[in-house]
Amino acid sequence: MAPASRIRPYKDFLTPALHRRFATATVILFGLCYAEALVIGEWNSFLWSWLPFGRAGIRTGLLFIPAFMIFVLRVAQLHVGIRTSYSAWDTFRRYALRFDTLQTIGWYFLSAYLFSEIYIWSASKGADLNRIKLIPKTDRTALNEKPIYLTSFLFFLALVQAVFHLFYDYDRLDMPVAKTASPSVVNPTKKLKERFPSLVTSSLQRAAILATISPFLYSMDFGIYPYSVRNFAWSFTRGWAKVFWTLPKSNSLPATRPFHWSVLYQTVLAGFLLTLLWEVGNAAFTEYVAQEPLKNERPITYESRDPNGSLLTGLRGKKLQTKAFAFWELVYIAERFEGRRKAIFEDIDRKGGSTWSQILGICLEVITGIDSRIAEFQTPPAVSAKPVISQTSEAGSKLPRLGQPLKDGINQPGDIFSQPPKPAGSLGVHVQAVGNFAKDHGRSPPSSSLSPRSRKLIEKAEGVVLTPEQKKVLATQGLGGLFKDWFGWLLQTSAGKPFRQEYRRRMAAIVLGQPYGDVGVIIDAIDALTRFAVCSLKEDKYGNVQRDVKLIIRTFTTTVTKLEGFKKSIGIHWTDIEKKQESPETDTILVALKSGLEKLIEAFGDYSEDLRLSQSEMRMAREAATPAPAPVSAPVRPEMEQKK
């Protein structure tokens, strides 16, 4: 028997496709680098100032290095799906100290530093951005603070851009949710042209605002070493400049600050050009990489010796981005490519079951994952009961007592180690009384054992610190209720917004899963099963799909019922002050499930008895297929401010 041929994994076809799109985005970025090289260069020659074979070409190549660093960052941190969490604070706590966050800041800082060196090298003599200048009326050299300030400004800009990158989750591939919508994918070049004016505006606005604030940040005294950014930048630059130039021995800062209007103009121009490189680079990468998995209008696995086997490896992929592209190809096959559909229906001699049965299992696992996550959320965590150990025994009671029993402590009888010392003096008595009062308010009504003087002191303190309303809350609910009232006031302010557990966030985190969830994969699984089942009526000559239609209808019905019930039962968290019960992600999934059920009932309703579907099951399926209201809005990432 001949050995089975090795099945090429799906990534062997996906990676070259991504490389081709990556190369196209690189060409766009290189063209922008050439345009910026003409802007920052000297126009002292009509011909050589713009010819790519001269200094303009050298500047273009140099500018491409800091611009390309953003592509390296995007490839390293590429992901599919929205970031899901219960609150913005939960997201910040989870991602703030991760290596990916530090890597993002580091790449932007390195890109800003290289751009500053290229910009300073390309500037004209009139810009006065040389590192070294001559002291007037002498031949002695000194440091020029203007390029130092420009570099510091670009570092500020890099930090701001890194915050935007993390806040709006630039690393996410924005893939369409409904792949079968017409048209599901718009030409990336057209989309980039439409976005370019807004990218120019936002880049200029960001650079201008930061150029206004930067002089204050640069000169601000922080009170600790190195006291200010200016002091640190000057000392650091002078440290390495002494190796190459002869500088004055004095390390004092210049008396004149580098905030001339010409320098501010240079900061705005350099900041705008650098931000535009970053923004266009990110936009081009997203638009070109997030394209449909087709090559020459055919699925990318078309060239494989075993197309179905390669597709199955992608559907089972461990990385979400691989699965997302594989499901995208699967739903395209179910919609457009009759030959591939027939090949899937007829591929019955495969290890692990027929191709259709494996696709069915993978898609149902994605759909029933919603039910599993809801059930896991609704199931209370198991609390392990501590075994109670008896402290007395029959043998111990017969032993003679050698001493008096231990005195009772504050935690348990016989706890002599945690028993507090007796307070000394009247002040100690009052302090202990106040402490007991605070503990009693949190657990039970105040003890009646307080002295009249202590009670009077406590009532006086309450009158000074608390309002009548707060006294009432304290008397009825204790300290916990009072803190909850204060925290509720904080939640209504902008400072409390990150701590709100909004309905939309909670639904997305539970239904889609954490830390990332992709609505598109779920929609693709639903749409693919529906289309394969409907097309099997004419194309499945073995009749294998019809035997599984019953399971598909039952799964869709169960998921719709559970999802609709969960939307109503989850309720509003007490921190959600807006109380908006809107979940576009969940509504989109429900619309796909109901639409799929409707198509299945329409196609197989007359064969319900042959499919062994009872009348009650068909009635439940028809009720579940009742059209739901359209989604509130297009599903976007429920992140930070509902922009990962």
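Given the structure is predicted, the values throughout are model-derived calculations rather than measurements.
- Of all the heavy atoms in Ile523 and Ile589, the pair that sits closest is CD1-CA, 3.8 Å.
- Interatomic distance, CD of Glu585 versus CG of Asp518, reported as 11.0 Å (0.5 Å rounding).
- Residue Arg140 qualifies as open at atom CZ: its count of foreign heavy atoms under 6.0 Å is 12 or below.
- At least one test fails for Arg59 against the ring of Trp50: distance under 6.0 Å to the centre or angle within 45° of the axis.
- Distance check: Leu217 CG to Ser152 OG gives 10.5 Å after rounding to the nearest 0.5 Å.
- Counting only heavy atoms from C-beta outward, the side chains of Tyr516 and Val80 never approach each other to under 4.5 Å.
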Legend entry - Verdict with supporting geometry, Tyr95 and Leu166, side chain to side chain contact (heavy atoms under 4.5 Å, CB included): CA-CA 9 Å; Tyr95 291 95; Leu166 296 169; over 6 Å; no
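- A 4.5 Å side-chain heavy-atom check between Gln161 and Arg206 finds at least one atom pair inside the cut-off.
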Inset, instruction - Would you check, one step at a time, whether the test side chain to side chain contact (heavy atoms under 4.5 Å, CB included) holds for Leu247 with Ile132? - result: CA-CA 9 Å; Leu247 301 176; Ile132 299 297; 3.9 Å; yes
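- Looking at Arg341 and Phe532, their side chains come closer than 4.5 Å, going by heavy atoms from C-beta outward.
- Proximity of Arg298 to Leu294: side-chain heavy atoms (C-beta onward) are nowhere separated by under 4.5 Å.
- For the pair Tyr10/Pro293, a side-chain contact is recorded, criterion being any heavy-atom separation below 4.5 Å from C-beta on.
- Heavy-atom contacts from other residues, nucleotides or ligands closer than 6.0 Å to CD of Glu297 number 12 or fewer.
- Distance alone, capped at 3.5 Å, places no donor-acceptor pair between the Thr15 side chain and the Asp12 backbone.
- Classification of the Phe155-Phe109 ring pair by plane angle, with boundaries at 30° and 60°, yields parallel.
- Judged purely by distance below 3.5 Å, without hydrogens or angles, the side chains of Arg74 and Asn282 pair a donor atom with an acceptor atom.
- Between Ala233 and Ile148, the closest heavy-atom pair is CB-CG2, 3.6 Å.
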Inset, instruction - Check the pair Arg505, Thr84 against side chain to side chain contact (heavy atoms under 4.5 Å, CB included), reporting the backbone distance first and the verdict last. - result: CA-CA 7 Å; Arg505 284 182 171 276; Thr84 52; over 6 Å; no
Inset, instruction - Evaluate the criterion side chain to side chain donor-acceptor pair (under 3.5 Å) for residue pair Thr180 and Asp527; output intermediate values, then yes/no. - result: CA-CA 8 Å; Thr180 55; Asp527 201 2; 2.9 Å; yes
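- Remark: the backbone N or O of Pro307 is not paired with any side-chain donor or acceptor of Ser310 at under 3.5 angstrom.
- Ring centers of Phe337 and Tyr332: at least 6.0 Å apart, outside the cut-off.
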Inset, instruction - Quick one: do Arg20 and Gln291 satisfy side chain to side chain donor-acceptor pair (under 3.5 Å)? Show the steps, please. - result: CA-CA 11 Å; Arg20 289 191 295 270; Gln291 291 297 299; over 6 Å; no
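- The side-chain heavy atoms of Cys33 and Leu277, taken from C-beta on, include a pair separated by under 4.5 Å.
- Because its NZ or CZ atom is not both nearer than 6.0 Å to the ring centre of Phe259 and within 45° of the ring axis, Arg257 does not count as a cation-pi partner of that residue.
- When ring centroids are compared, Phe22 and Tyr288 stay outside the 6.0 Å threshold.
- Remark: the Gln77 side chain and the Tyr170 side chain contain no N/O donor-acceptor pair separated by less than 3.5 Å.
- Salt-bridge check for Glu287 with Lys191: passed, with a basic side-chain N closer than 4.0 Å to an acidic carboxylate O.
- Donor-acceptor pairing under 3.5 Å is lacking for the side chains of Gln103 and Arg98.
- Proximity of a side-chain donor or acceptor of Lys133 to a complementary backbone N or O of Asn130 within less than 3.5 Å is not detected.
- Between Asn231 and Tyr227, the shortest heavy-atom contact is ND2-CD1, 4.0 Å.
- The 12-atom threshold is exceeded at CZ of Phe222, counting heavy atoms of other residues, nucleotides or ligands nearer than 6.0 Å.
- In this structure, CE on Met175 lies 5.0 Å from CH2 on Trp328, to the nearest 0.5 angstrom.
- In this structure, a donor-acceptor pair under 3.5 Å is present between the side chains of Glu329 and Thr301.
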Inset, instruction - Begin from the C-alpha positions of Leu512 and Thr586 and carry the test side chain to side chain contact (heavy atoms under 4.5 Å, CB included) through to its verdict. - result: CA-CA 9 Å; Leu512 303 181; Thr586 305; over 6 Å; no
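- Inspection of the Asp128 and His260 side chains reveals no N or O donor paired with an N or O acceptor under 3.5 Å.
- Once rounded to the nearest 0.5 Å, the distance linking CD of Glu502 with CD of Glu582 reads 10.5 Å.
- Asp90 and Arg93 are joined by a salt bridge, as a carboxylate oxygen and a charged side-chain nitrogen come within less than 4.0 angstrom of each other.
- Side-chain N/O atoms of Thr275 and Ser203 include no donor and acceptor closer than 3.5 Å.
- A donor-acceptor pair under 3.5 Å links the side-chain atoms of Thr104 to the main chain of Asp100, judged by distance alone.
- Salt-bridge annotation for Arg131 and Glu117: present, with a side-chain N of the basic residue lying under 4.0 Å from a carboxylate O of the acidic one.
- The heavy-atom pair separating Ala112 from Leu154 by the smallest distance is CB-O, 3.5 Å.
- With a 4.5 Å cut-off on side-chain heavy atoms, Leu253 and Arg230 count as touching.
- Aromatic rings of Phe153 and Tyr218 (six-membered ring for Trp) have centroids beyond the 6.0 Å cut-off, not under it.
- Trp278 has its ring centre less than 6.0 Å from the ring centre of Tyr108.
- No more than 12 heavy atoms of other residues, nucleotides or ligands sit less than 6.0 Å from atom CH2 of Trp261.
- Formation of a donor-acceptor pair under 3.5 Å by the Ser214 side chain with backbone atoms of Ala211 is not found in this model.
- Here the CD1 atom belonging to Ile300 is positioned 11.0 Å from the CD atom belonging to Glu292, to the nearest 0.5 angstrom.
- Taking the side chain as every heavy atom from C-beta outward, Thr91 and Tyr86 never approach each other to under 4.5 Å.
- Residues Asp221 and Ser228 bring no donor and acceptor atom of their side chains to less than 3.5 Å of each other.
- Shortest non-hydrogen contact noted between Val263 and Pro258 is CG1-O, 3.4 Å.
- With hydrogens and angles disregarded, a donor-acceptor distance shorter than 3.5 Å links the side chain of Thr212 to the backbone of Ala208.
- The side-chain tip of Arg8 points at the ring of Phe13 from less than 6.0 angstrom away and within 45° of straight on.
- A salt bridge does not link Lys125 to Glu42: none of the charged side-chain nitrogens sits closer than 4.0 Å to a carboxylate oxygen.
- Checked by atom type and distance alone, the side chain of Ser202 pairs as donor or acceptor with a backbone atom of Leu199 at under 3.5 Å.
- Nearest heavy atom pair, residue Ala592 against residue Ile526, reads O-CG2, 3.6 Å.
- A donor-acceptor contact shorter than 3.5 Å links the side chain of Ser116 to the backbone of Tyr113.
- No option in Phe285, Phe30, Phe64, Trp107 other than Phe285 meets the ring pair (Phe, Tyr, Trp, His ring centres under 6.0 Å) test with Phe71.
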